[in-house]
Amino acid sequence: MERRRAGRPAGHRPLHRRHATAVAAHIDTLHRNHARPSPRGQPARSRRHTMSVLFVTGTGTEIGKTVTTAAIAAAALARGRSVAVLKPAQTGVTAHETGDATEVERLAGPVTTLELARFPDPLAPATAALRAGLPPVLPQDIAEAAAKLAASHDLVLVEGAGGLLVRFDADGHTLADAARLTKAPVLVVAQAGLGTLNATALTALALRSYGLDSPGVVIGSWPAAPDLAARCNLADLPDAAGAPLLGLIPEHSGALAPDAFRAAAPGWLAPALGGSDAFRIPA
């Protein structure tokens, strides 16, 4: 959706400083509310080595990132882990509509949610921010928010907007820049059918060019009656991604009742994503 390198509007930087200050205050409040006391008789200690931040990107838009994020969150909650969901830039949603992070919470259960910015036009974040006359979200905003949430949660899921290289600002920064600052791995959500191998390979190539690791690929909407291409892609996607296939989210899973979604979600994911040991790729 990005068509041009837009210039910054007048007054942009002062507006961004106010935005960053408000975001930092919001995160600090979340941190205080969710900080855990140390066990009785034990001194407080850093949880740095037990924290986990995972970025979730897609090979395109409307690919199943939100329902995949919800499934991973539900599986983590089922294992007794605390979860935060960070949506750096929510586009195409007005102030009074449900965003992706709230949808994850509805499906998965009690997670901490944080949106850094919301833009009403259904466009790439950089273009949507410019059209709304609002400051963009920068990689350092995302990295700082993820780190602060990780200080008080076992798992932080950062859901991107569109694909990996969608621009967040006029300087061309992307989710990959934020993941590199955060030193976090990036999960790739892909389509099931024809065309997905090329898109997945390109995303994997971009991840490598940024020096980013990927735990694997999840198919964000696995059809009830997969065609020949989808069935063949089960074997071919790991080669295209250079990483294992770690999940199959059934199509229309987001329409399930929350209780049904939470009960089923671990079975859709491999153990590497907190899923069930019984997870299998169809033959």
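The structure presented is a predicted model; accordingly, all values stated were derived computationally and were not measured.
- Listed by chain and residue number, Asp169, His173, Asp177, Ala178, Leu181 satisfy the side-chain contact (heavy atoms from CB on, under 4.5 Å) test with Pro139 (two or more places apart in sequence, or in another chain).
- Legend: residues meeting side chain to side chain donor-acceptor pair (under 3.5 Å) with Gln90, ordered by chain and number and at least two apart, are absent.
- Residues satisfying the side chain to side chain donor-acceptor pair (under 3.5 Å) criterion with Arg131, sequence neighbours excluded, are Asp121.
- Among pairs with a residue in residues 227-252, none fulfils salt bridge (charged side-chain N to carboxylate O under 4.0 Å, His left out), at least two apart in sequence or across chains.
- Considering only residues two or more places apart in sequence or on other chains, Glu97 meets the side-chain contact (heavy atoms from CB on, under 4.5 Å) condition with Val93, Thr94.
- The nearest pair of heavy atoms linking Thr57 to Gly163 is OG1-C, 3.5 Å.
- Taking CG of Asn233 as the start and CD of Gln191 as the end, the distance is 10.0 Å to the nearest 0.5 Å.
- Under the 4.5 Å side-chain criterion, counting only non-hydrogen atoms from C-beta, Trp222 is not in contact with Ile249.
- Residues Tyr210 and Thr174 are in side-chain contact: their nearest non-hydrogen atoms beyond the backbone lie under 4.5 Å apart.
- The closest side-chain heavy-atom distance from Val188 to Val218 is not below 4.5 Å.
- Contact check for Val158 versus Pro88: side-chain heavy atoms found under the 4.5 Å cut-off.
- Residues meeting the ring pair (Phe, Tyr, Trp, His ring centres under 6.0 Å) test with Phe279, sequence neighbours left out: none.
- Residue pairs meeting the salt bridge (charged side-chain N to carboxylate O under 4.0 Å, His left out) criterion with at least one partner in residues 273-282, sequence neighbours excluded, do not occur; the list is empty.
- With a 6.0 Å radius and a threshold of 12 heavy atoms from other residues, nucleotides or ligands, Leu194 has its CG atom at or below the threshold.
- For the residue pair Pro226 and Pro223, the shortest heavy atom distance occurs at CD-O, 3.4 Å.
- One distance of note links CG of Leu207 with CG of Asp213; it measures 9.0 Å at 0.5 Å rounding.
- Taking all atoms of both residues into account, the shortest heavy-atom contact from Ala146 to Val156 is O-CG2, 4.1 Å.
- Looking at residues two or more places apart in sequence or on another chain, you find a side-chain contact (heavy atoms from CB on, under 4.5 Å) between Ala76 and Arg81, Val83, Leu155.
- Note on Phe168: it clusters hydrophobically with Leu165, by side-chain heavy-atom contacts below 4.5 Å among ILVMFWY residues.
- Annotation: side chain of Leu212 is in contact with side chain of Arg180 (closest heavy-atom distance under 4.5 Å).
- Taking 4.5 Å as the limit, every side-chain heavy atom of Leu86 sits out of range of all side-chain heavy atoms of Leu157.
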Show every donor-acceptor pair shorter than 3.5 Å between a side-chain atom in residues 259-275 and any protein atom, with sequence neighbours excluded, or say none if there are none.
{"from": "Arg262", "atom 1": "NE", "to": "Leu107", "atom 2": "O", "distance (Å)": "2.9"}
{"from": "Arg262", "atom 1": "NE", "to": "Ala108", "atom 2": "O", "distance (Å)": "3.3"}
{"from": "Arg262", "atom 1": "NH2", "to": "Arg106", "atom 2": "O", "distance (Å)": "3.0"}

What donor-acceptor contacts under 3.5 angstrom involve side-chain atoms of residues 64-73, with partners at least two apart or in another chain?
{"from": "Lys65", "atom 1": "NZ", "to": "Gly162", "atom 2": "O", "distance (Å)": "3.4"}
{"from": "Thr66", "atom 1": "OG1", "to": "Glu159", "atom 2": "OE1", "distance (Å)": "3.4"}
{"from": "Thr66", "atom 1": "OG1", "to": "Glu159", "atom 2": "OE2", "distance (Å)": "2.6"}
{"from": "Thr68", "atom 1": "OG1", "to": "Gly64", "atom 2": "O", "distance (Å)": "2.7"}
{"from": "Thr69", "atom 1": "OG1", "to": "Lys65", "atom 2": "O", "distance (Å)": "2.8"}

Check the pair Leu114 / Lys87 against side-chain contact (heavy atoms from CB on, under 4.5 Å), numbers first and verdict last. CA-CA 6 Å; Leu114 177 62; Lys87 183 73 176 182; over 6 Å; no
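- No donor-acceptor pair closer than 3.5 Å links the side chain of Thr182 to the backbone N or O of Ala184.
- In this structure the side chain of Pro282 reaches within 4.5 angstrom of the side chain of Leu248, judged on heavy atoms.
- The minimum heavy-atom distance between Ala179 and Val186, with the atom names listed, is CB-CG2, 3.7 Å.
- Pairs of residues two or more places apart, or lying in two chains, never qualify as ring-ring contact (aromatic ring centres under 6.0 Å, His included) while including a residue from residues 58-112.
- With hydrogens and angles disregarded, no donor-acceptor distance shorter than 3.5 Å links the side chain of Asp141 to the backbone of Val137.
- Under the rule for a side-chain contact (heavy atoms from CB on, under 4.5 Å), the partners of Pro215 that lie at least two apart in sequence or sit in another chain are Leu54, Pro185, Leu187, Leu246.
- Remark: the backbone N or O of Thr196 is paired with a side-chain donor or acceptor of Thr200 at under 3.5 angstrom.
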With side-chain contact (heavy atoms from CB on, under 4.5 Å) as the test, would you mind laying out the steps for Val217 and Val189 before giving the verdict? CA-CA 6 Å; Val217 180; Val189 181; over 6 Å; no
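- The main-chain N or O of Ala199 is found under 3.5 Å from a side-chain atom of Thr203 such that the two form a donor-acceptor pair.
- Atom CD1 of Ile63 sits about 8.0 Å away from atom OG1 of Thr61, to the nearest 0.5 Å.
- Residues Leu202 and Ile219 are members of separate hydrophobic clusters, defined by side-chain heavy-atom contacts under 4.5 angstrom among Ile, Leu, Val, Met, Phe, Trp and Tyr.
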Take Ile142 and Phe55 through the side-chain contact (heavy atoms from CB on, under 4.5 Å) test and state the conclusion after the steps. CA-CA 11 Å; Ile142 302 170; Phe55 279 65; 4.1 Å; yes
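- Residues Pro125 and Val166 come closest through the heavy atom pair CD-CG1, 3.3 Å.
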